[in-house]
Amino acid sequence: TVGGKALTPNTVNVTDITDDSHGAEYNGGKQIEIMFTDLKATAKAAGVELTKDSEVIVEYSATVNEDAVIGGAGNPNKSLVVYQKDVNDGDGLGETPEDEVWAFTYQLDTTKVDSADPETKLRDAQFRLYNSDKSKSAKIENGKISAWVDGDAGTVITTPEGGIFNIAGLDADTYYLKEIKAPAGYNLPTGDDAYFKFVIAASLTVGDDGKGKIESLTITPGKAQAADGDIPTGKVSMNIENTSGSTLPETGGIGTVIFTVVGLLVMAGAAGGFVWRRKQNS
């Protein structure tokens with residue numbers, strides 16, 4: 001943009017990076033070249049005058065996708081502007097310093113266990129993953145988050161044999177796993193208890209080599225203490241418990257009323273039988 005006006009480039013070229021010329025971490029990535037052959041003329045055609053005091057802003061965004069590196073070295077992006085003051089001067093090229101940023105993403109390993117015996121791993125529990133305000137749920141493909149969608153349209157995760165499931169592509173943020181189906185013989189949490197809160201926190205810094213790195217990585221599951229994650233793999237882990245057995249009626253609830261009425265009828269029947277037998281004996 002120039003003066004807040006978006007300008008259309010003359011060409012956009014996307015090429016594969018097949019060597020280490022930009023750094024080994026960029027090998028296998030993409031290079032995007034956006035070209036204006038005469039920026040002043042392009043701005044004028046858009047109704048903006050380009051002067052020595054104009055602000056030329058180049059803005060880009062990059063999405064962490066299913067090919068992202070989890071933890072470890074992270075995912076770098078860098079950009080620079082190459083410019084030529086005079087289009088007639090072939091040797092008058094200059095360039096700005098590179099602007100480099102590092103994006104990191106993490107993996108959650110969750111184990112579904114019996115509350116009385118955490119060594120017992122539970123299969124066939126079902127969950128959805130929600131964002132920090134529970135307004136969106138995650139679509140998950142091949143174990144990685146591919147999108148966030150409104151409401152309950154996200155992927156249903158079923159715990160396999162061994163009770164462990166993995167979700168990759170998480171940012172440092174607050175999330176909720178909602179249990180929507182309990183394993184056979186176990187109680188399904190309801191209400192707010194159905195949402196299991198966890199917080200992933202990471203501290204990032206720049207190393208002596210100028211590259212971004214993870215300084216610390218933790219997860220805080222529910223009301224438990226924070227636990228360290230594994231920085232090289234970007235993995236954090238936690239357990240979610242299920243309680244076995246039937247759910248008893250709440251105190252004062254309709255179940256208690258039914259049991260009380262049945263109890264009184266049994267007692268009344270027993271008392272009636274006792275009186276009848278005494279009359280027969282007399």
**Student:** For atom NZ of Lys44, is the number of surrounding heavy atoms from other residues, nucleotides or ligands below 6.0 Å larger than 12?
**Tutor:** no
**Student:** Just say parallel, tilted or perpendicular for the rings of His22 and Tyr26, cut-offs at 30° and 60°.
**Tutor:**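 His22 and Tyr26: perpendicular rings.
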**Student:** Hey, is NZ on Lys136 packed in by over 12 heavy atoms from elsewhere, all under 6.0 Å?
**Tutor:** yes
**Student:** Does one side chain, of Asn131 or Tyr176, offer a donor that lies under 3.5 Å from an acceptor on the other?
**Tutor:** no
**Student:** Side chains of Asp19 and Ser21: donor-acceptor distance under 3.5 Å anywhere?
**Tutor:**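 Per modelled atom types, Asp19 and Ser21 side chains form a pair under 3.5 Å.
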**Student:** Can you check whether Phe127 and Phe165 have ring centres sitting under 6.0 Å from each other?
**Tutor:** yes
**Student:** What is the distance from atom CG of Leu108 to atom OG of Ser237, rounded to the nearest 0.5 Å?
**Tutor:**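 Reported to 0.5 Å precision, the distance equals 8.0 Å.
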**Student:** Centroid separation under 6.0 Å, is that true for the rings of Tyr195 and Tyr130?
**Tutor:** yes
**Student:** Can Lys178 be said to sit on top of Phe196's aromatic six-ring, NZ or CZ under 6.0 Å from centre and within 45° of the ring axis?
**Tutor:**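 Geometry flag: not set, cation outside 6.0 Å or 45°.
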**Student:** Have Ser137 and Asp152 got a donor and an acceptor in their side chains that come within less than 3.5 Å?
**Tutor:**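 No, no side-chain donor-acceptor contact under 3.5 Å.
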**Student:** For Leu39, which fellow cluster members are found when Ile, Leu, Val, Met, Phe, Trp and Tyr are connected by side-chain heavy-atom distances below 4.5 angstrom, either directly or through intermediates?
**Tutor:**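 Hydrophobic cluster check, Leu39: joined to Val2, Leu7, Val12, Val14, Ile32, Ile34, Phe36, Val48, Leu50, Val56.
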**Student:** Mind checking the OG1-CD1 spacing from Thr105 to Ile70? Nearest 0.5 Å is all I need.
**Tutor:**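 These two atoms lie 4.5 Å from each other.
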**Student:** Roughly how far apart are Lys139 NZ and Thr155 OG1, rounded to 0.5 Å?
**Tutor:** 6.5 Å
**Student:** Give a yes or no on this: more than 12 heavy atoms of other residues, nucleotides or ligands lie within 6.0 Å of atom CG of Asn142.
**Tutor:** no
**Student:** For the atom pair CD1 (Ile200) and CD1 (Ile219), what is the distance rounded to the nearest 0.5 Å?
**Tutor:** 5.5 Å
**Student:** Taking CG in Asp133 as the centre, count heavy atoms belonging to other residues, nucleotides or ligands within less than 6.0 Å. Is the count above 12?
**Tutor:**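 Buried by this count: over 12 neighbours within 6.0 Å.
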**Student:** By the side-chain hydrogen bond (donor to acceptor under 3.5 Å, both in side chains) test, which pairs, at least two apart or in different chains, include something from residues 219-231?
**Tutor:** Asp230-Thr233
**Student:** After noting the C-alpha distance and the side-chain angles of Glu49 and Lys40, does the key distance pass the salt bridge (charged side-chain N to carboxylate O under 4.0 Å, His left out) rule?
**Tutor:** CA-CA 7 Å; Glu49 184 180 1; Lys40 190 171 184 178; over 6 Å; no
**Student:** Using a 4.5 Å cut-off on heavy atoms from C-beta on, say whether the side chain of Leu177 contacts that of Thr110.
**Tutor:**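 Yes. Closest side-chain heavy atoms under 4.5 Å.
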**Student:** Is the shortest distance from a Lys or Arg side-chain nitrogen in Glu25 or Lys211 to a carboxylate oxygen in the other one below 4.0 Å?
**Tutor:** yes
**Student:** Looking at Lys30 and Asp16, is any side-chain nitrogen of the basic one under 4.0 Å from a carboxylate oxygen of the acidic one?
**Tutor:**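 Here Asp16 pairs with Lys30 in a salt bridge, since their nearest N and O are under 4.0 Å apart.
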**Student:** Side chain to side chain donor-acceptor pair (under 3.5 Å) for Tyr60 and Asn77? Distances and angles first, verdict last.
**Tutor:** CA-CA 10 Å; Tyr60 73 96; Asn77 279 274; 5.3 Å; no
**Student:** Taking all atoms of both residues into account, what is the closest heavy-atom pair of Ser216 and Ile231, and its distance?
**Tutor:**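 So the two residues come closest at CA-CD1, 4.1 Å.
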